Amino acid sequence: MPQTKPMVSIENVVASATVNQTVNLNLITQIFPDVEYHPDQFPGLVFRLKAPKTATLIFSSGKMVCTGAKSEEQAIKAVRNVVQKLRKGGIPIENDPIIEIQNIVASASLGGKIHLELAARILPRSMYEPEQFPGLIHRMLDPKTVILLFASGKLVCTGAKKETEVYRAVTNLHTLLEEKNLMIYES
Amino acid sequence: RLRTWDSRSQVHEPVDRNFRQAFSELDRLKDKLAVGDAVIEKAAYVYRKALEKGLVRGRSISALVAAALYAACRDTETPRTLKDVANASNIKKKDVARCYRLLIRELDLKMPVVDPVKCVARIASKAGLTEKTKRKALEILKKAEEGKISAGKDPMGLAAAALYVACVMNGENKTQKDVAEAAGVTEVTIRNRYKGLKTHLKL
DNA sequence: GCTTTAAAAAGTAAGCT
DNA sequence: AGCTTACTTTGAAAAGC
């Protein structure tokens, strides 16, 4: 019945990494004038890349967190790029980073509008509080993700660790909404 | 008597103390918010469940009590906003909201969605509107409601816009600002909801 | 629980012209 | 009345309070 197949866009990928050695954040600050480091307010140093447009938090333990990438591959590339730049700048880093994808945020559009109030009563593990937030919050068990569903039929999916999980989650929800007749096509 | 709430716990006294404090706060809020005994009883029941599930550990008792009371208002369809409860308990609205969502998630509570129709009476009395205008607003809301223009919108904003439109139709001299203040929303929100109402109802 | 990062969805809010 | 900017919600990691 879906008039259109859901269009999915990966919006943000979060990855954690480690180079298994400590790093001198103050030294990085001296060599890279554009980084942000305010240890009194947060222990991580912010290292921004223009392409891919990302922000990587670097901790003195050698662990890092990269955010802003548009794909798993971009996130991995970004972390490697940051390490390479640090080395070129004279920061001694022996090992290549071990990278792990932690979270993927995606937006999508189903082919029609949603009857949110009905959906809130029918979908298990869902919450719809229009005075607090316009979207219906649905916690999906498999894949373990959280989906923010809006009346327009657009949604945000977060919590997935693989891009394939995002597509599965969106497809699962789309199917569920149709089975329960919660979608309104036409208009 | 109180220890039957959790017979497996070895530390009954702290639980007793916790619930007594929670109940005294509920009593205090009862007067400030002018809610009935049934609402307080439900709030106490919800709080007790939260206590049994260990949701109070590491959290503010006052915030949980406020959230439980808000949940009770919602469950009994007693028109009290999050802002009302937050102000009465001196807890940030954001914190009450977060605790409320925690209660819903962890205790698997299903709450009816706030009905804009229930908001009309409160706004009307605060703004001093006539019964006739109130009736008109209810008619407008009924037509609008399942024209699906309400999904995702703040029920207070919808009710305020319906009342404003009703005022104009009945020739009541009330400004958007009067209605907005009584509803706790901005004039901009009333105007935005009014646009949708006008389009949908061809006003 | 908080602090910092990034990004989307849709609604509401606040400041300025 | 607009426009801009900003805040609400969701998820996850990092080190430390």
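So that the names make sense, note that chain A is the first sequence line, chain B the second, and so on, each numbered from 1. In this text the structure is predicted, and so the values were computed from the model without any measurement.
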Same apolar cluster (I L V M F W Y, side chains within < 4.5 Å links), I31(A)/V83(A): yes
Side-chain N,O (R139(A)) to OP1/OP2 (dG11(D)) below 4.0 Å: yes
Given DNA chain C, 5'-ward residue of the pair G68(A) and K153(B), judged by closest heavy atom: G68(A)
Nearest-Å distance for atom pair CG/P, residues N12(A) and dT9(D): 18 Å
Of the nucleotides dT4(C), dA7(C), dA9(C), which has the atom closest to the L57(A) side chain? dT4(C)
Given E129(A), which of R74(B), R98(B), R105(B) fulfils the salt bridge (charged side-chain N to carboxylate O under 4.0 Å, His left out) condition? R74(B)
Considering non-hydrogen atoms only, spot the tightest contact between F32(A) and G89(A) and give its length. CZ-CA, 4.1 Å
Kindly point out which of dA13(D), dA15(D), dT10(D) is positioned nearest to the side chain of F59(A)? dA15(D)
Secondary structure string for DNA chain C (Watson-Crick or G-U under 3.5 angstrom, | for other-strand pairs): |||||..|.||||||||
L148(A) has a side chain; which of dA10(C), dT10(D), dA14(D) sits nearest to it? dT10(D)
Assess the side chains of E131(A) and T81(B): does a donor N or O sit below 3.5 Å from an acceptor N or O? no
What's the CZ-P distance between F133(A) and dT12(C), to the nearest Å? 12 Å
Distance in angstrom units between E129(A) CD and dG11(C) C1', rounded: 15 Å
Rounded to whole angstrom units, what separation is found between the CD atom of E11(A) and the C1' atom of dA6(C)? 11 Å
Touch check for V185(B), heavy atoms < 4.0 angstrom, all strands: base, sugar-phosphate only, or nothing? sugar-phosphate
Please work out whether the ring planes of Y70(B) and Y100(B) are parallel, tilted or perpendicular, with thresholds of 30° and 60°. perpendicular
Rounded to whole angstrom, note down the P distance from dT4(C) over to dA6(D). 15 Å
Does one side chain, of Y185(A) or E178(A), offer a donor that lies under 3.5 Å from an acceptor on the other? yes
In whole angstroms, how far is the C1' atom of dA13(D) from the CD1 atom of I99(A)? 14 Å
Counting only side-chain N and O atoms of T186(B), is one of them less than 4.0 Å from OP1 or OP2 of dT12(C)? no
Whole angstrom is fine here: how far is it from CG in L158(B) over to C1' in dT12(C)? 12 Å
Say we look at dA8(C) and dG2(D): how far apart would their P atoms be, to the nearest angstrom? 26 Å
Rounded distance in Å between the P positions of dC7(D) and dC2(C): 16 Å
How would you label the contact of V14(A) with the nucleic acid (heavy atoms, under 4.0 Å): base, sugar-phosphate, or nothing? base
Under 4.0 Å: is that the gap between some side-chain N or O of R191(B) and OP1 or OP2 of dG11(C)? no
With a 4.0 Å limit, can you tell me whether K161(A) has a side-chain N or O closer than that to the phosphate oxygens OP1/OP2 of dA12(D)? no
What integer distance in Å separates Q176(B):CD from dA1(D):P? 7 Å
Does R98(B) place a side-chain N or O at less than 4.0 Å from the phosphate oxygens OP1/OP2 of dT8(D)? no
Can you give me the closest heavy-atom contact between K70(A) and V13(A), atom names plus distance? C-CG2, 4.1 Å
Centroid-to-centroid, F133(A) to F150(A), below 6.0 Å? yes
Grab the two heavy atoms, one from P134(A) and one from L116(A), that are nearest each other, plus how far apart they are. O-CD1, 3.6 Å
Whichever of L102(B) and K83(B) has the more 5' nearest nucleotide on DNA chain C, that residue is L102(B)
Can you tell me if R193(B) touches the phosphate of dG11(C), counting only side-chain N or O atoms and a distance under 4.0 Å to OP1 or OP2? no
Nucleotide nearest R59(B) when distance is taken to its side chain, options dA8(C), dA12(D), dG1(C): dG1(C)
For E36(A), report the nucleic acid contact type (base, sugar-phosphate, nothing); a contact means any heavy atom under 4.0 Å. sugar-phosphate
Within less than 4.0 Å of OP1 or OP2 of dA7(C), is there a side-chain N or O belonging to K53(A)? yes
Please tell me if the side chains of M156(B) and I123(B) come closer than 4.5 Å, counting only heavy atoms from C-beta onward. yes
Write down the distance separating the P atoms in dT9(D) and dG1(C), rounded off to the nearest Å. 13 Å
Exercise: do D178(B) and T175(B) side chains pair donor with acceptor under 3.5 Å: yes
Presence of R57(B) side-chain N/O under 4.0 Å of dG1(C) phosphate oxygens OP1/OP2: no
For DNA chain C, the residues among residues 69-93 of chain A that have a non-hydrogen atom under 4.0 Å from it: K70(A)
For residues E25(B) and S62(B), is any side-chain donor paired with an opposing acceptor at under 3.5 Å? yes
So, is T67(A) near the phosphate of dA13(D), with a side-chain N or O under 4.0 Å from OP1 or OP2? no
By the 4.0 Å heavy-atom rule, please label G152(B) as base, sugar-phosphate, or nothing. sugar-phosphate
Answer yes or no: does a side-chain N or O of T189(B) lie under 4.0 Å from OP1 or OP2 of dT12(C)? no
Within the structure, does a side-chain N or O atom of S107(A) lie under 4.0 Å from either OP1 or OP2 of dA9(C)? no
